[in-house]
Amino acid sequence: LFHPYAEESSDIRRLLSRATEVCLMVATLGPALEHRARDYLAHRETFRGYVLDRMGSYLVEHVIRQLDASVEKHWAAKGLRCTKRYSPGYGDFHIEAQSVFVKMLSHTMPNLKMTARGLLLPEKTVTAIKGGLMPEILSG
């Protein structure tokens with residue numbers, strides 16, 4: 001599904017080269033927070049708007065970290081090690097790869113959209129890919 005994005009990314013090829021499983025992760029806070037922050041800014045309540053926006057960024061990062069930890073725990077129970085999570089827009093993993101997440105989630109998250117520049121809406125949304133690896137067998 002990530003062709004050509006994954007194929008063009010040496011970072012993703014390296015990350016997933018030995019993966020036996022791949023997990024796509026998405027965390028979003030939805031649009032309400034960003035709408036409220038914009039309302040504050042429109043009413044010249046700059047500090048409130050800024051703090052709410054920053055808190056939203058913190059919260060969505062917290063949620064994706066919890067999801068990441070949950071995936072790691074699940075795979076550890078299956079005897080798998082994990083790669084780090086890697087998001088479109090990092091390194092050479094093109095930001096347009098976000099379109100795959102949007103397409104795959106269109107039925108369950110119909111409000112998830114992508115701008116022409118590859119940014120997600122709602123803005124407080126994080127996507128990532130992670131690989132599960134079989135432990136290396138140590139030879140004596």
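As the structure is a computational prediction, the values presented were derived from the model and not from experiment. Just so you know, residue 1 is the first one in the sequence shown, and it goes up from there.
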Check whether [X] and [Y] end up in the same hydrophobic cluster, where Ile, Leu, Val, Met, Phe, Trp and Tyr are linked by side-chain heavy atoms less than 4.5 Å apart.
| X | Y | value |
| --- | --- | --- |
| Val63 | Leu59 | no |
| Met25 | Leu80 | yes |
| Val26 | Ile12 | yes |
| Met109 | Val100 | yes |
| Ile64 | Tyr86 | no |

Handout entry: Inter- and intrachain pairs under salt bridge (Lys or Arg N to Asp or Glu O under 4.0 Å), touching residues 86-96, at least two apart
Key =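 Pairs touching residues 86-96 that pass the test: none.
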
Exercise for the section: Would you mind listing every salt bridge (Lys or Arg N to Asp or Glu O under 4.0 Å) that reaches into residues 25-37, with sequence neighbours excluded? Expected result: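 Qualifying pairs, neighbours excluded: Glu34-Arg38.
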
[atom1]/[X] to [atom2]/[Y] distance, rounded to the nearest 0.5 angstrom?
| X | Y | atom1 | atom2 | result |
| --- | --- | --- | --- | --- |
| Gln98 | Leu120 | CD | CG | 4.0 Å |
| Ile129 | Ser9 | CD1 | OG | 9.0 Å |
| His35 | Glu123 | NE2 | CD | 8.5 Å |
| Met114 | Thr127 | CE | OG1 | 10.0 Å |

Handout entry: Exceeds 12 heavy-atom contacts within 6.0 angstrom, atom CZ of Arg65
Key =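 No.
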
Exercise for the section: State whether the number of non-hydrogen atoms from other residues, nucleotides or ligands found under 6.0 Å of Arg48 atom CZ is greater than 12. Expected result: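 No, not enclosed.
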
Can you give me the closest heavy-atom contact between [X] and [Y], atom names plus distance?
| X | Y | answer |
| --- | --- | --- |
| Lys124 | Ser57 | NZ-OG, 2.9 Å |
| Ile95 | Gly118 | CG1-O, 3.5 Å |
| Gly131 | Thr83 | N-OG1, 2.7 Å |
| Ala37 | Asp53 | CB-N, 4.3 Å |
| Pro88 | Phe101 | CG-CE1, 3.9 Å |

Practice task
Could you please spell out the steps behind the salt bridge (Lys or Arg N to Asp or Glu O under 4.0 Å) verdict for Glu61 and Arg54?
Solution key: CA-CA 11 Å; Glu61 180 61 26; Arg54 298 310 319 142; over 6 Å; no

Handout entry: Contact check, side chains of Pro122 and Leu112, non-hydrogen atoms, under 4.5 Å
Key =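 They are in side-chain contact.
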
Practice task
Among Ile, Leu, Val, Met, Phe, Trp and Tyr joined by side-chain contacts under 4.5 Å, find the other residues sharing a cluster with Leu119 and list them by chain and number.
Solution key: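 For Leu119, no cluster forms, as it stays isolated from other hydrophobic side chains.
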
Practice task
Could you work out the complete set of other residues in the hydrophobic cluster of Val51, with links drawn between I, L, V, M, F, W and Y side chains under 4.5 Å apart?
Solution key: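 For the cluster that includes Val51, the remaining residues are Phe47, Tyr50.
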
Practice task
Could you verify whether a donor N or O on one side chain and an acceptor N or O on the other, from Asp11 and Tyr90, lie under 3.5 Å apart?
Solution key: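 The answer is no; no qualifying pair exists.
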
Name the atoms and distances for all side-chain donor-acceptor pairs under 3.5 Å in residues 16-23, with sequence neighbours left out.
{"unit_1": "Ser17", "atom_1": "OG", "unit_2": "Arg14", "atom_2": "O", "d": "3.3"}
{"unit_1": "Arg18", "atom_1": "NH2", "unit_2": "Glu136", "atom_2": "OE2", "d": "3.1"}
{"unit_1": "Thr20", "atom_1": "OG1", "unit_2": "Gly132", "atom_2": "O", "d": "3.3"}
{"unit_1": "Glu21", "atom_1": "OE1", "unit_2": "Trp75", "atom_2": "NE1", "d": "2.9"}
{"unit_1": "Glu21", "atom_1": "OE1", "unit_2": "Lys78", "atom_2": "NZ", "d": "3.2"}
{"unit_1": "Glu21", "atom_1": "OE2", "unit_2": "Lys78", "atom_2": "NZ", "d": "2.7"}

Exercise for the section: Report the relative orientation of the aromatic rings in His62 and Tyr58; use parallel for angles under 30°, tilted for 30 to 60°, perpendicular for over 60°. Expected result: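 Geometry flag for Tyr58 against His62: parallel rings.
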
Problem - Check against salt bridge (Lys or Arg N to Asp or Glu O under 4.0 Å), Lys84 and Asp68 - result: CA-CA 9 Å; Lys84 63 183 178 179; Asp68 189 36; over 6 Å; no

Handout entry: Under-4.0 Å salt bridge between Glu72 and Lys130
Key =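 Yes, charged N to carboxylate O under 4.0 Å.
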
Exercise for the section: List the steps and the verdict of side chain to side chain contact (heavy atoms under 4.5 Å, CB included) for Arg85 and Val126. Expected result: CA-CA 11 Å; Arg85 69 181 161 107; Val126 176; 4.2 Å; yes

Practice task
Determine yes or no for a side-chain-to-main-chain donor-acceptor pair under 3.5 angstrom, with Thr125 supplying the side chain and Thr28 the backbone.
Solution key: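 No; judged by distance alone, with no hydrogens or angles, the pair does not exist.
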
Handout entry: side chain to side chain donor-acceptor pair (under 3.5 Å) contacts touching residues 105-117 (sequence neighbours left out)
Key =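 Residue pairs with at least one partner in residues 105-117: there are none.
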
